[in-house]
Amino acid sequence: MKILIIHQNFPGQYKHLAPALAARGHQVVALTPKVDKPQTWKGVRLVPYRITGSSTKGIHPWLQDFETKVLRGQSCYDAALVLRERGFTPDVILAHHGWGESLFLKDVWPGARMGLYCELYHLTTEEFTRFDPEFDRKGTERDGLRIRLKNLNNRLHEEVMDAGISPTRFQASTFPETWQDRITVAHDGVDTDLVRPDPEARLDLDTGQVLTRDDEVITFINRNLEPYRGYHVFMRALPEILRRRPNAQVVLIGGDEVSYGAKAPDGKSWKQIFIDEVRAEISDSDWARVHFLGRVPYERFLAMMQISRVHVYLTYPFVLSWSLLEAMSAECAILASDTAPVREALTEDETGRMVDFFDRAGLVDRLCELLDDGDARARLGRAAREHVRKTYDLTRVCLPRHVEWVESLPDLTPRPPRD
């Protein structure tokens, strides 16, 4: 087959799938703004394009998001026309449509089958818009209207989507019923051969200190440290954690920006806001046991997982983080929030333990219980890894499912763009 892949940050979710398809003899082309000149990556032909245009000054704020997606879609459309003029006609188009690039590709190739990566549909129920009442803003009664407009991109893609794939049942369930019979649930997968326990692992800190599995290490990870992933809950529990665990070392990974939700007020970062909130409750000697690593190379992330005694994972009802499954694959004992995406991957007291997202005292108590119970940690860690190997293993389970799904797409009758 001829396969075209679209992702604004290629390879993104196609990191393993694109090379696997190329290795099976398919002609795989990726349109991407991430390269300046044509090149080949792992058998995949990378074709650059530029995103042109800029947002309109003074446009209604609810339309800014959609205008950005239209600009990206138009730029990708123009690049697709050039590809077509050069004789490339894909049998299959794979796209993560969340940024709008694939909006108009069926207008270029109406006979192609389009398979979308369905990450999340923006829901307007209070469970999603007001899950954390602390961050209700002025005008939140209008949030449902704003969020419905964010789904314009989703709705336009629904018209041309021949099939979709979603990494979890929870994420797939956020999409309307009109999508459901076209969405396959298959996770991207975790390389459990790489992400595995290592009794010799060590984490070198910038202070010169070295942490190993002999240390009582508590770990916490966000792509960016922010409320959507429970950073504020963890930080507010930190003074009591440090008081009750005088030998614990607390290691946090995450950037200072925003991946999800609103920006922090007054030009600050969420990271610093919650450091400032709790710092006066923590002595200098205890604060020296708290280590913010920022964003780190994957090898350092892996070492952190391998030395973790308990890994804390908190999230709103939202996209499940890969880091949870990777921590499970590394045989960490997990303490996670009792929220819908977590319950799909974790079973209470079988593969981890859970606590109410807002229960700060419960978080501290359950964390201390796990730290005091080595047998429970070992049992939970082994079961967590076994579950990931059985359900989310990259090479044995997930990648074959994705390849099979892609290779089945030509059997579908293409949905043409509507007039």
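- We find that Arg244 and Asp365 are joined by a salt bridge, their nearest charged nitrogen and carboxylate oxygen being less than 4.0 Å apart.
- Taking the six-membered ring for Trp and thresholds of 30 and 60 degrees, Trp287 and Phe292 have ring planes inclined between 30 and 60 degrees apart.
- Proximity of Glu216 to Arg289: side-chain heavy atoms (C-beta onward) are nowhere separated by under 4.5 Å.
- Under 3.5 Å, the side chains of His232 and Glu277 contain no donor-acceptor pair of N or O atoms.
- Distance alone, capped at 3.5 Å, places no donor-acceptor pair between the Ser329 side chain and the Leu325 backbone.
- Ring geometry for Trp99 against His7 counts as tilted: the plane angle lies between 30° and 60°, on a 0 to 90° scale.
- Checking side-chain atoms of Arg309 against main-chain N and O of Arg213 turns up a donor-acceptor pair under 3.5 Å.
- A donor-acceptor pair under 3.5 Å is formed between the side chain of Ser166 and the backbone N or O of Ala172.
- Using cut-offs of 30° and 60° on the angle between ring planes, the pair His157 and His97 is tilted.
- Without hydrogens or angle criteria, His402 side chain to His187 main chain gives a donor-acceptor distance under 3.5 Å.
- Looking at Trp405 and Pro400, their side chains never come closer than 4.5 Å, going by heavy atoms from C-beta outward.
- Separation of the Phe131 and Phe318 ring centroids does not fall under the 6.0 Å cut-off.
- Under the 4.0 Å criterion applied to side-chain N and carboxylate O atoms, Arg379 and Asp349 are assigned as salt-bridge partners.
- For the pair Lys2/Thr89, no side-chain contact is recorded, criterion being any heavy-atom separation below 4.5 Å from C-beta on.
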Kindly indicate, with the supporting measurements, whether the criterion side chain to side chain donor-acceptor pair (under 3.5 Å) is fulfilled by Gln171 and Thr168.
CA-CA 5 Å; Gln171 288 165 253; Thr168 66; 2.9 Å; yes

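- Put simply, the side chain of Met328 does not reach to within 4.5 Å of the side chain of Arg385, judged on heavy atoms.
- Side-chain contact of Glu326 with Tyr298: a donor-acceptor pair under 3.5 Å is present, judged by distance alone.
- Looking at Arg236 and Glu134, a side-chain N of the basic residue comes within less than 4.0 Å of a carboxylate O on the acidic one, giving a salt bridge.
- The side-chain heavy atoms of Arg415 and Val160, taken from C-beta on, include no pair separated by under 4.5 Å.
- Between Glu240 and Arg360 there is no salt bridge, since no side-chain N of the basic residue sits under 4.0 Å from a carboxylate O of the acidic one.
- For the pair Leu4/Leu83, a side-chain contact is recorded, criterion being any heavy-atom separation below 4.5 Å from C-beta on.
- Judged purely by atom type and a 3.5 angstrom limit, Glu119 has no side-chain atom pairing as donor or acceptor with the backbone of Val319.
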Test salt bridge (charged side-chain N to carboxylate O under 4.0 Å, His left out) applied to Arg377 and Asp373, step by step
CA-CA 6 Å; Arg377 292 198 309 272; Asp373 193 341; over 6 Å; no

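- Using cut-offs of 30° and 60° for the angle between ring planes, the Phe274 and Tyr231 rings count as perpendicular.
- To the nearest 0.5 Å, atom OH of residue Tyr392 and atom CG of residue Leu324 are 8.5 Å apart.
- No salt bridge links Asp107 with Arg84; every basic N to acidic carboxylate O contact stays at or beyond 4.0 Å.
- Applying the side chain to side chain donor-acceptor pair (under 3.5 Å) definition to pairs two or more places apart or across chains, those involving residues 315-325 are Asp132-Tyr316, Asp188-Trp322, Arg229-Thr315, Arg229-Ser321, Tyr313-Ser321.
- Between Asp91 and Arg113 there is no salt bridge, since none of the side-chain N atoms of the basic residue sits less than 4.0 Å from a carboxylate O of the acidic one.
- Summarising the local packing, CZ of Phe358 is surrounded by more than 12 heavy atoms from other residues, nucleotides or ligands at distances under 6.0 Å.
- The existence of a salt bridge linking Arg182 and Glu158 is confirmed by a sub-4.0 Å separation between a basic side-chain nitrogen and an acidic carboxylate oxygen.
- Contact check for Glu331 versus Arg196: no side-chain heavy atoms found under the 4.5 Å cut-off.
- Counting heavy atoms from C-beta on, the side chains of Trp62 and Leu145 come closer than 4.5 Å.
- Judged by distance alone, the side chain of Ser269 and the main-chain N or O of Asp256 form no donor-acceptor pair under 3.5 Å.
- With hydrogens and angles disregarded, a donor-acceptor distance shorter than 3.5 Å links the side chain of Trp109 to the backbone of Phe88.
- Side-chain atoms of Ser337 do not come within 3.5 Å of backbone N or O of Leu314 as any donor-acceptor pair.
- Using a distance-only test at 3.5 Å, with no hydrogens or angles considered, no donor-acceptor pair links the side chain of Gln13 to the main chain of Tyr117.
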